[in-house]
**Student:** 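My questions all concern the structure below.
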2 protein chains.
Amino acid sequence: MGASLRDVARLAGVSVKTVSNVVNGYAHVSPATRAKVEHALSQLDYRPNLSARNLRQGRTGVIALALPELDAPYFAELSRFIIDAAAEVGWLVIIEQTGGSLDRERQVLDGVRRHRVDGLILSPIAIGADELAARTDDTALVLLGERIHGGPADHVAVDNVRAARDVTEHLIGLGRRRIAALGAQDNSISGTAPPRLAGYRESLAAHALPETVAKVDRYRRAEGAAAMAALLEARPDAVFCFNDLLALGAIRTILAAGLRIPEDVAVAGFDDIEDGRFSTPTLTTVAPDKAQLAGIAVDLLKQRIEGRTDRPPREVHATYRLMTRESTLGGRGGGAAGDLA
Amino acid sequence: MGASLRDVARLAGVSVKTVSNVVNGYAHVSPATRAKVEHALSQLDYRPNLSARNLRQGRTGVIALALPELDAPYFAELSRFIIDAAAEVGWLVIIEQTGGSLDRERQVLDGVRRHRVDGLILSPIAIGADELAARTDDTALVLLGERIHGGPADHVAVDNVRAARDVTEHLIGLGRRRIAALGAQDNSISGTAPPRLAGYRESLAAHALPETVAKVDRYRRAEGAAAMAALLEARPDAVFCFNDLLALGAIRTILAAGLRIPEDVAVAGFDDIEDGRFSTPTLTTVAPDKAQLAGIAVDLLKQRIEGRTDRPPREVHATYRLMTRESTLGGRGGGAAGDLA
DNA sequence: ACAGCCATTTACAACGTTGAAGCAACGTTG
DNA sequence: CAACGTTGCTTCAACGTTGTAAATGGCTGT
């Protein structure tokens with residue numbers, strides 16, 4: 001198998017610890033020794049053994065990213081940025097999929113399958129603040145995209161309430177009056193649904209317009225398509241879908257029913273996944289700055305890992321833009337309504 | 001922190017090794033001792049430290065999955081299955097993104113950022129067989145979705161040539177005669193482009209039909225849309241795109257040009273990403289069995305890791321189906337042309 | 001009675017790494 | 001020139017686990 005520090009030490013004619021010092025960039029090593037050791041290191045293609053290093057000192061250089069599903073485009077895109085941001089600070093990323101199940105979220109919080117990782121970025125769906133607070137595991141934790149009221153952990157997300165209000169105002173500004181919301185949920189204590197629903201309601205209330213709310217179990221195209229079929233009976237002239245997948249499913253249903261977008265029904269989504277930039281019609285949506293979200297998440301985690309554990313939890317908002325496209329503007333679609341914090 | 005074997009041993013009044021034996025289900029432990037130990041185990045909520053176990057056993061329980069980009073839907077979907085399949089055998093998965101760059105692929109092959117992992121599943125784009133053969137690292141390796149001629153490593157993929165032939169035959173069977181291919185590449189020695197192009201050519205040659213081939217740099221919607229714009233001048237009546245993203249981009253361009261799909265231009269893709277099942281029109285495509293691909297990849301890797309290193313490399317084909325949908329069939333779209341190995 | 005066997009349990013070493021402590025050589029300071 | 005701090009390196013121990021070898025004691029067969 002691979003060479004160990006001992007093998008390198010033997011070849012370089014120094015002690016194991018000196019090799020360790022070189023590997024770890026310890027300052028007080030003479031240039032001559034350093035050169036000798038480095039030559040031996042590369043000759044033997046030395047690689048540190050994670051298990052041993054971890055056993056000895058508790059740091060692994062590996063963090064875990066736990067999210068519902070990797071194949072939801074929003075999470076795939078976000079993961080990409082998180083892996084890149086983590087790479088910047090020298091971390092590798094293990095991905096765990098919770099499927100949004102409470103059990104799996106508990107397991108992950110309780111330790112990533114018994115392996116030790118330096119930190120955990122969790123995108124929670126099912127778990128509540130109380131349970132989170134009662135967590136015994138002391139691995140550094142950052143919550144992503146999810147507001148858990150008074151949660152005991154650092155948290156980064158866009159301002160979902162405000163973004164939902166922006167979308168709704170956009171639809172109202174286009175003259176729509178029967179604006180439906182698609183994507184409320186029964187089961188989720190802490191999902192993204194509640195704040196988006198709240199923003200939608202605030203806007204409608206401010207304009208004295210009626211609400212129509214459709215629920216779904218999961219945020220996927222099929223559910224969006226099915227929920228839209230039911231919504232069509234209420235004859236809405238606009239639909240605010242709580243994510244882009246739901247919106248793309250809804251679009252499919254609307255077009256299949258022989259209605260025009262946006263003339264008959266305007267559609268807006270949330271997430272700005274790449275699909276929505278090339279769908280027919282292109283999709284008006286809230287575009288969170290995913291690179292920024294990822295950067296902040298990694299940064300918060302880094303501070304937690306390196307700093308002390310007892311600082312109060314922080315809540316950080318990432319910026320977003322409202323991307324207005326064909327699904328609300330028609331042929332003149334394409335453009336951004338400006339940057340928003 | 002968690003309790004160690006020593007803590008449990010102390011509480012139960014036995015040796016550390018006896019506790020270890022109980023934990024590992026060793027047969028020759030007296031019922032009385034076993035009961036005592038188990039009581040102590042549950043009282044202290046003992047959990048094995050995997051780092052220590054792995055150090056002792058020389059395994060990390062972690063594999064790496066290296067692919068071009070996580071946010072390409074095909075890879076996101078595949079990753080999901082691979083993570084799940086790896087979880088089945090108790091492995092965690094670290095994800096590395098190569099961006100399809102030769103440098104990054106080399107680095108990954110040379111060791112995942114100097115960390116040691118039990119195995120590597122690589123989806124190569126740029127690297128060639130010779131360089132792969134010259135690799136010094138002895139980490140178990142499985143190549144995914146990519147045929148490297150006489151490559152020195154296990155490999156799993158669908159039969160790209162045959163699948164491409166099936167798609168082309170399908171288009172010919174619909175009466176199309178000016179069938180373009182979209183997705184050839186200049187730079188890739190070993191990408192998926194060559195076998196798909198070969199299958200396309202074989203079919204056209206068999207029917208004495210002319211070729212029209214468009215090249216792209218990357219397999220993304222934007223490139224598909226741009227390449228399609230150029231292709232339209234050749235007035236094709238069908239386009240075989242080498243993946244679904246290219247096809248979705250192409251569809252956007254075709255519809256924007258005022259042409260009908262499939263009446264004027266039939267479109268087929270490759271990968272069966274979820275987008276294509278809900279796009280307008282829905283997309284005819286080759287659907288590799290991704291769960292099977294993932295399962296085989298993990299299984300091959302497991303055999304490599306547990307078995308001996310010197311067995312000859314194996315080449316395994318996963319099954320696929322040709323999913324015929326609206327983009328070639330029109331309104332009657334929806335259905336599969338049957339299972340194919 | 002004694003060797004031989006078995007079940008049960010233990011002590012010890014080792015996996016690869018790094019923190020703590022220590023030692024020798026050198027330069028600086030009073 | 002003695003005392004001291006710094007640099008450069010080493011030795012030692014320990015992280016938690018499990019394989020190996022060996023100790024203990026009871027039972028069997030002669």
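Small disclaimer: the values here were computed from a predicted structure and weren't measured. Here is the naming used below: chain letters follow the sequence lines, and residue numbers restart at 1 for every chain.
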**Student:** State whether A:N24 places a side-chain N or O below 4.0 Å from either non-bridging phosphate oxygen (OP1 or OP2) of C:dT18.
**Tutor:** yes
**Student:** Under 4.0 Å between any heavy atoms, over every strand shown, what does B:T18 touch: base, sugar-phosphate, or nothing? Just pick one.
**Tutor:**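 The answer is base, as B:T18 lies within the cut-off (heavy atoms under 4.0 Å) of a base atom.
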**Student:** Side-chain N or O of B:R47 versus OP1/OP2 of D:dG16: is the shortest distance under 4.0 Å?
**Tutor:** no
**Student:** Going by atom types alone, do A:Q97 and A:R104 pair a side-chain donor with an acceptor below 3.5 Å?
**Tutor:** no
**Student:** Looking at D:dC9, I'd like to know if its phosphate oxygens (OP1 or OP2) sit under 4.0 Å from a side-chain N or O belonging to A:S30.
**Tutor:** yes
**Student:** Just checking, is any N or O donor in the side chain of B:Q303 or B:D299 under 3.5 Å from an acceptor N or O on the other one?
**Tutor:**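 A donor-acceptor contact under 3.5 Å links the two side chains.
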**Student:** Using a heavy-atom cut-off of under 4.0 Å over every strand shown, decide if A:S4 touches base, sugar-phosphate, or nothing.
**Tutor:**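 Sugar-phosphate only.
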**Student:** Determine, for B:E131 against B:R135, whether the closest basic-nitrogen to carboxylate-oxygen distance falls under 4.0 angstrom.
**Tutor:** no
**Student:** Check whether any side-chain N or O of A:S20 sits under 4.0 Å from OP1 or OP2 of C:dT18, and answer yes or no.
**Tutor:**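 The answer is yes; a side-chain N or O of A:S20 sits under 4.0 Å from OP1 or OP2.
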**Student:** Just checking B:N54: base, sugar-phosphate only, or nothing, at a heavy-atom cut-off of under 4.0 Å?
**Tutor:**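 No contact at all - B:N54 keeps every heavy atom at 4.0 Å or more from the nucleic acid.
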**Student:** When you check the phosphate oxygens OP1 and OP2 of C:dT17, does a side-chain N or O of A:Y46 lie under 4.0 Å from one of them?
**Tutor:**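 Checking A:Y46 against C:dT17: at least one side-chain N or O falls below 4.0 Å of OP1 or OP2.
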**Student:** Does A:Q57 have a side-chain nitrogen or oxygen under 4.0 Å from the phosphate oxygens OP1 or OP2 of C:dG19?
**Tutor:**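 The answer is yes; a side-chain N or O of A:Q57 sits under 4.0 Å from OP1 or OP2.
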**Student:** Students often get this wrong, so: under 4.0 angstrom with heavy atoms, is A:V16 touching a base, only sugar-phosphate, or nothing?
**Tutor:** base
**Student:** Could you check B:L55 against B:V14 and say which one's nearest nucleotide on DNA chain C is further toward the 5' end?
**Tutor:** B:V14
**Student:** At less than 4.0 Å, is any side-chain N or O atom of A:R53 found next to OP1 or OP2 of C:dT18? Yes or no.
**Tutor:**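 Result: yes.
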**Student:** So which one's nearest nucleotide on DNA chain C is more toward 5', B:T33 or A:V23?
**Tutor:**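 The residue mapped nearer the 5' terminus is B:T33.
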